[in-house]
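Before any comments, here is the structure.
Naming: A, B, ... by sequence-line order, numbering from 1 per chain. A quick note: this is a predicted structure, and the numbers were derived from the prediction, not measured.
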2 protein chains.
Amino acid sequence: MQAEVPQAKGNTGLVGGAISAITAHIRDGELSPGDKLPSESVFARDLAVSRTVVREAFRSLAAMRLIEVSTGKRATVAKLDHTAISPLIEHGVSTEQISILQVYDVRRTIETRTATLAALHRTGAQSREIAALAETMQNSFLDPAAMMEADIGFHLAIARAAKNPIYPLIVGAFEGVTRQTWPVGWKSRSSESEQHHMLDIHSDLASAIAAGNPEQAAELMALHFDASVRALLAAGIS
Amino acid sequence: MQAEVPQAKGNTGLVGGAISAITAHIRDGELSPGDKLPSESVFARDLAVSRTVVREAFRSLAAMRLIEVSTGKRATVAKLDHTAISPLIEHGVSTEQISILQVYDVRRTIETRTATLAALHRTGAQSREIAALAETMQNSFLDPAAMMEADIGFHLAIARAAKNPIYPLIVGAFEGVTRQTWPVGWKSRSSESEQHHMLDIHSDLASAIAAGNPEQAAELMALHFDASVRALLAAGIS
DNA sequence: CGATCAAACCTATCATACAGGTTTGCATAT
DNA sequence: ATATGCAAACCTGTATGATAGGTTTGATCG
């Protein structure tokens, strides 16, 4: 029968109401990241519910990364955190609702744009950070784990340099999945020349961004993802 | 001093441990969306913690949309839901960590791609759905609220037609923000010809997708967003 | 064999209690 | 007057037990 869905999920019950009240408090109070929220007891009294209900609401908001909680201290409004969406994507992949290739299609789309924007907007310090990470990759030829971490940091640094906080959010969403699949792609680049070629693309990309060449940066990023997809396909990943 | 961060946030304390245990249960049990989880009491016994802790863990996972809970019934593994990320983006905007223009840059990037993929992969039913929504927009000239809902549905339908579940997730992330800013953009298209032009672009886009013309679909989507950004800028939105 | 209903199970919420971390302000010493 | 240090007040984390009300299941009865 599919009855009406009055207001999206999460608003049902006292906990949902508390969540709405707390988000309204943040919005209407025009609070900024770091600002403190009233204590659980205060909300419980104001909303006339038990502290249990408020606690579950706080936990929910903390899980969504809207607030931060910690022992003894009052909860604070959260700063955007690039790891916020990662659990959702990992869940999608682990339950086979999302394939690895689908992840790479989105990454290619998004990161071609971050490369463009990074070339346009990066600061000097960001150029150096990106170049340093590319170099760390080159120097980690015998330590794939270290190379992977540098690679992840490299892509995230480019997203940050795009000067739009949504991009790190999206790039970060795929971090968990990347940690699980990166070694597969690396191993499937069987010849040393293939492996060096991948490292060189990273270095060239760092240079294009440092040089402020958005077209070249975008093209290199696209090439990088095309090669990655080929490597994953070669490894039998679908 | 910034001590080491062993494993990203959320793993501290008993609740964090419970969350890990539950996600591990889903992953290791290779559960699929809809599958039932053990009850709170069972987890409480198995993990040797109180039901309070397990409940907070369940609530957290429900907030992240990894599971679904409802009264009386046992929790189930969640299907991906396009509204999952919306609260996070709304939070970013309401706390002034994200600007509207930044939202539109991401949307343009993502939706140019969804238009391309939709033109390539859409089914007949999806073509018809998209066309019907474009027509609803045309017919809602005197009812902006209805037009907005059709517009939101239109973009989401295209994302679904792209046959990659991550795209609806991202497009859906901006739904809440769009509801807040859409009227501004509409009103700022002052002349009737401007307004009709926007409606026509939607119809043309629907046709391009139905015709299986990815280049044209992508170009129309890009034009649409360029016009939207101009409208928002004209309205003084930054 | 099918309809009915009660028992068993499950989640939602509440009240209370206590342990341990944090903040604050007062008292004391310099 | 200022700085130091400590204790009280406050806050979160977790546990326990109780009750209300929704859901599932299986035995019973027609």
To the nearest angstrom, how far is [X] atom [atom1] from [N] atom [atom2]?
X	N	atom1	atom2	answer
A/Arg74	C/dT22	CZ	C1'	11 Å
A/Leu14	C/dA15	CG	P	11 Å
A/Glu56	D/dT12	CD	P	15 Å
B/Phe58	D/dT14	CZ	P	16 Å
B/Ile19	D/dT14	CD1	P	11 Å
B/Arg55	C/dT13	CZ	P	7 Å

From C/dT11, D/dT12, C/dT23, nucleotide with atom closest to A/Lys73 side chain: C/dT23

Closest nucleotide among D/dG22, D/dT14, D/dT12 to the B/Thr71 side chain: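 The closest nucleotide is D/dG22.
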
Donor-acceptor contact below 3.5 Å, side chain A/Glu56 vs main chain A/Val15: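 Not at all, since once roles are kept as given, no pair shorter than 3.5 Å links the two residues.
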
Side-chain donor or acceptor of B/Ser140 paired with backbone N/O of B/Asp143 under 3.5 Å: no

Six-ring centre of B/Phe58, B/Arg55 cation under 6.0 angstrom, axis tolerance 45°: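 No - B/Arg55 does not lie over the ring of B/Phe58 by the 6.0 Å and 45° rule.
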
Interface with DNA chain D, restricted to residues 44-54 of chain B and to heavy atoms under 4.0 Å: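 Hits under 4.0 Å, by residue number: B/Val49, B/Ser50, B/Arg51, B/Thr52, B/Val53.
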
DNA chain D contacts made by residues 27-38 of chain A, counting heavy atoms under 4.0 Å: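 Close to the strand, none.
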
Distance, nearest 0.5 Å, that separates [atom1] of [X] from [atom2] of [Y]:
X	Y	atom1	atom2	answer
B/Asp81	B/Arg65	CG	CZ	4.5 Å
A/Ile166	B/Ser99	CD1	OG	7.5 Å
B/Leu61	B/Ile19	CG	CD1	5.0 Å

Phosphate contact (D/dT14 OP1 or OP2) by A/Arg59 side-chain N/O below 4.0 Å: yes

For B/His91, all residues meeting ring pair (Phe, Tyr, Trp, His ring centres under 6.0 Å), sequence neighbours excluded: none

A/His155 and A/His202 aromatic ring geometry - parallel, tilted or perpendicular at 30°/60° bounds: perpendicular

Mutual orientation of the aromatic rings belonging to B/Phe43 and B/His25 [parallel < 30°, tilted 30-60°, perpendicular > 60°]: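 If you compare the ring of B/Phe43 with that of B/His25, the planes turn out perpendicular.
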
